[in-house]
Amino acid sequence: MKGDIGVIGLAVMGQNLILNMNDHGYKVVAHNRTAEKVDEFLQGPAKGTNIVGAYSLQELVDKLESPRKIMLMVRAGDVVDSFIDKLVPLLDKGDIIIDGGNTNFPDTNRRVAALKEKGIHFIGSGVSGGEEGARFGPSIMPGGSPEAWPFVKPIFQAISAKTENNEPCCDWVGNDGAGHFVKMVHNGIEYGDMQLITEAYQFMKDGLGMTHDEMQSVFIEWNKTELNSYLVEITSDILGYKDTDGEPLVEKILDTAGQKGTGKWTGINALDMGIPLTLITESVFARCLSSLKDQRVEAEELFGKKESIVEGDKQVWIEALRQALLASKIISYAQGFMLMREASNENGWDLNYGNVALMWRGGCIIRSAFLSNIRDAYDIDPELSFLGSDSYFKGILENSMSAWRKVAAKSMEVGIPMPSMTSALTFLDGYTTARLPANLLQAQRDYFGAHTYERVDKPKGEFFHTNWTGKGGDVSSTTYNS
Ligand code: NBP
């Protein structure tokens with residue numbers, strides 16, 4: 001009997017996905033560049049299963065039933081292109097290549113188009129959930145050649161995580177690089193969620209002077225509220241984890257955050273598309289700032305250490321912080337969905353936002369109860385332009401407003417950096433202000449560069465230039481927006 005699917009790449013993700021597919025009754029053919037890893041896998045974790053090995057790409061192709069489905073779980077970038085180049089001459093028209101790595105979506109756009117010309121279908125799929133997700137149920141976000149989806153759907157939906165209603169956290173996202181785009185936004189939102197939690201931690205630790213056990217208890221309690229999520233849950237575990245000397249391990253970890261680029265890509269795309277994705281972008285910059293450790297140490301000596309003590313009833317502050325965290329999180333997701341909406345419109349992807357929320361509901365790092373409410377919001381209005389306008393989320397934003405402002409103001413007053421929570425509030429203030437000071441900005445642009453402006457008392461699209469000083473000419477610059 002031939003194999004149902006081939007997987008190339010036997011690192012942590014590939015191995016665990018293969019074992020997961022095997023658990024669901026699929027016969028998997030496994031290949032890896034370094035052949036010894038095939039043997040190690042077959043004699044190790046895959047021992048006693050139906051998984052078979054292939055020591056060359058030809059052997060892999062020969063062992064698969066048609067149309068062949070070959071999934072790459074290798075390092076993103078050139079490695080994917082090089083495997084595609086080697087596979088294509090061995091494949092038949094109608095065969096399917098799937099890239100399950102963390103690929104930047106323009107690469108997927110390019111690969112879908114290039115392979116289409118050769119009669120090969122290509123799927124670029126986000127896979128989230130790390131090692132455990134891959135093994136027991138990841139969130140899977142496939143996009144690319146729609147013709148390929150019916151062949152891949154049964155396998156992917158079988159191995160994916162399931163919601164509490166047993167719905168698979170995997171569905172077709174859209175054409176071209178839509179799957180990888182949605183995975184990129186997922187990772188950006190993950191940056192935002194993590195940064196927000198760290199800001200709450202710093203407020204509790206430095207501002208309220210709380211112990212790690214106290215903070216752990218707070219996160220345990222928060223996990224029973226609307227904030228219920230994987231990241232809040234692991235944060236409570238981390239805060240309670242003691243090093244061998246009995247001290248909290250977290251305080252021994254160097255405070256410089258790493259990043260692999262997906263948050264940065266999300267920010268770059270937001271800038272390209274003109275979407276105010278402030279919270280995620282602040283979260284990326286917060287990691288950049290954290291990496292300037294030596295400079296920060298010197299600057300603290302130069303400016304003096306801040307006494308960031310927050311006075312007042314601790315329990316009242318903790319509840320205010322919870323509300324600020326929840327409200328900021330709503331803004332983060334609202335901005336992320338704005339970005340997906342713009343990308344969907346620009347690329348003709350016709351994204352289903354309720355489905356996206358469902359795909360993230362289980363298996364992935366940002367899984368949370370909250371995503372069910374997002375799904376409900378898009379079920380009510382599939383074209384919702386701002387998540388915060390949905391009645392459920394609007395209610396939370398309004399109820400949290402006072403506490404959120406108090407936390408933001410206090411952090412500024414005592415010098416606790418909370419870039420994501422404060423920028424989220426500033427965003428909402430801007431978004432809910434009908435008249436912003438951009439009129440003055442337009443006047444400045446026209447003053448120094450004859451960039452023209454529109455008038456509130458004239459139809460939109462009619463542009464005016466004023467000779468502000470009497471010295472300039474009446475010739476205006478060309479009007480366009482980049
Ligand atoms: P890695 O990203 O570490 O990739 C390891 C695989 O790539 C191995 O099979 C390795 O073969 C192969 N490879 C490399 Br590296 N360079 C190669 C080359 N020049 N030619 C051929 N093969 C090469 O594995 P991973 O962490 O399992 O991740 C796989 C993909 O899934 C990545 O795109 C990753 O970003 C994504 N992802 C990872 C996670 C996670 O939690 N780790 C989560 C979600 C998505 P070798 O054994 O011969 O060196």
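Indexing begins at 1, ligand by ligand and atom by atom, following the structure's order. As a basis for the values below, the full set of heavy atoms in this structure was taken, side chains included, without hydrogen atoms, waters or symmetry mates. Just so you know, residue 1 is the first one in the sequence shown, and it goes up from there.
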So for ligand 1, is Glu131 a polar contact partner (N or O within less than 3.5 Å, distance only)? no

Looking at Asp213 and Lys242, is there a salt bridge between them, counting it only when a charged N and a carboxylate O are closer than 4.0 Å? yes

How long is the span from the CH2 atom in Trp222 to the OG atom in Ser236, to the nearest 0.5 Å? 11.5 Å

Please state which part of Ile8 comes within less than 4.0 Å of ligand 1, counting heavy atoms only: side chain, backbone, both or neither. neither

We want to know whether Ser420 and Ser283 form a side-chain donor-acceptor pair, criterion being a heavy-atom distance below 3.5 angstrom. yes

Closest to atom 48 (O) of ligand 1 (heavy atoms only, candidates Thr34, Asn16, Val38, Asp78) is Thr34

Nearest non-hydrogen contact with atom 10 (C) of ligand 1 belongs to which option: Asn187, Asn32, Val7? Asn32

Rounded to the nearest 0.5 Å, what separation is found between the CG atom of Asp255 and the OG1 atom of Thr198? 11.0 Å

Parallel, tilted or perpendicular: which fits the ring planes of Tyr378 and Tyr353, with parallel below 30° and perpendicular above 60°? tilted

Using distance alone, with no hydrogens and no angle criterion, decide if Thr103 and Asp107 have a side-chain donor and acceptor under 3.5 Å apart. no

Does ligand 1 have a heavy atom under 4.0 Å from the side chain of Lys37, from its backbone, from both, or from neither? side chain

Distance-only N or O hit between ligand 1 and Ser128, under 3.5 Å: no

List ligand 1 atoms under 4.0 Å from Phe83, heavy atoms only on the residue side. 21 (C), 22 (N)

Within 45° of the six-membered ring axis of Phe370 and under 6.0 Å from that ring's centre, is NZ or CZ of Lys329 located there? yes

Is there at least one pair of N or O atoms, one from Arg33 and one from ligand 1, spaced under 3.5 Å apart? yes

Checking contacts here: is it the side chain or the backbone of Val79 that comes within 4.0 Å of ligand 1, counting heavy atoms only? Could be both or neither. side chain

Which option, Thr262, Val127, Val12, owns the non-hydrogen atom nearest atom 44 (C) of ligand 1? Val127

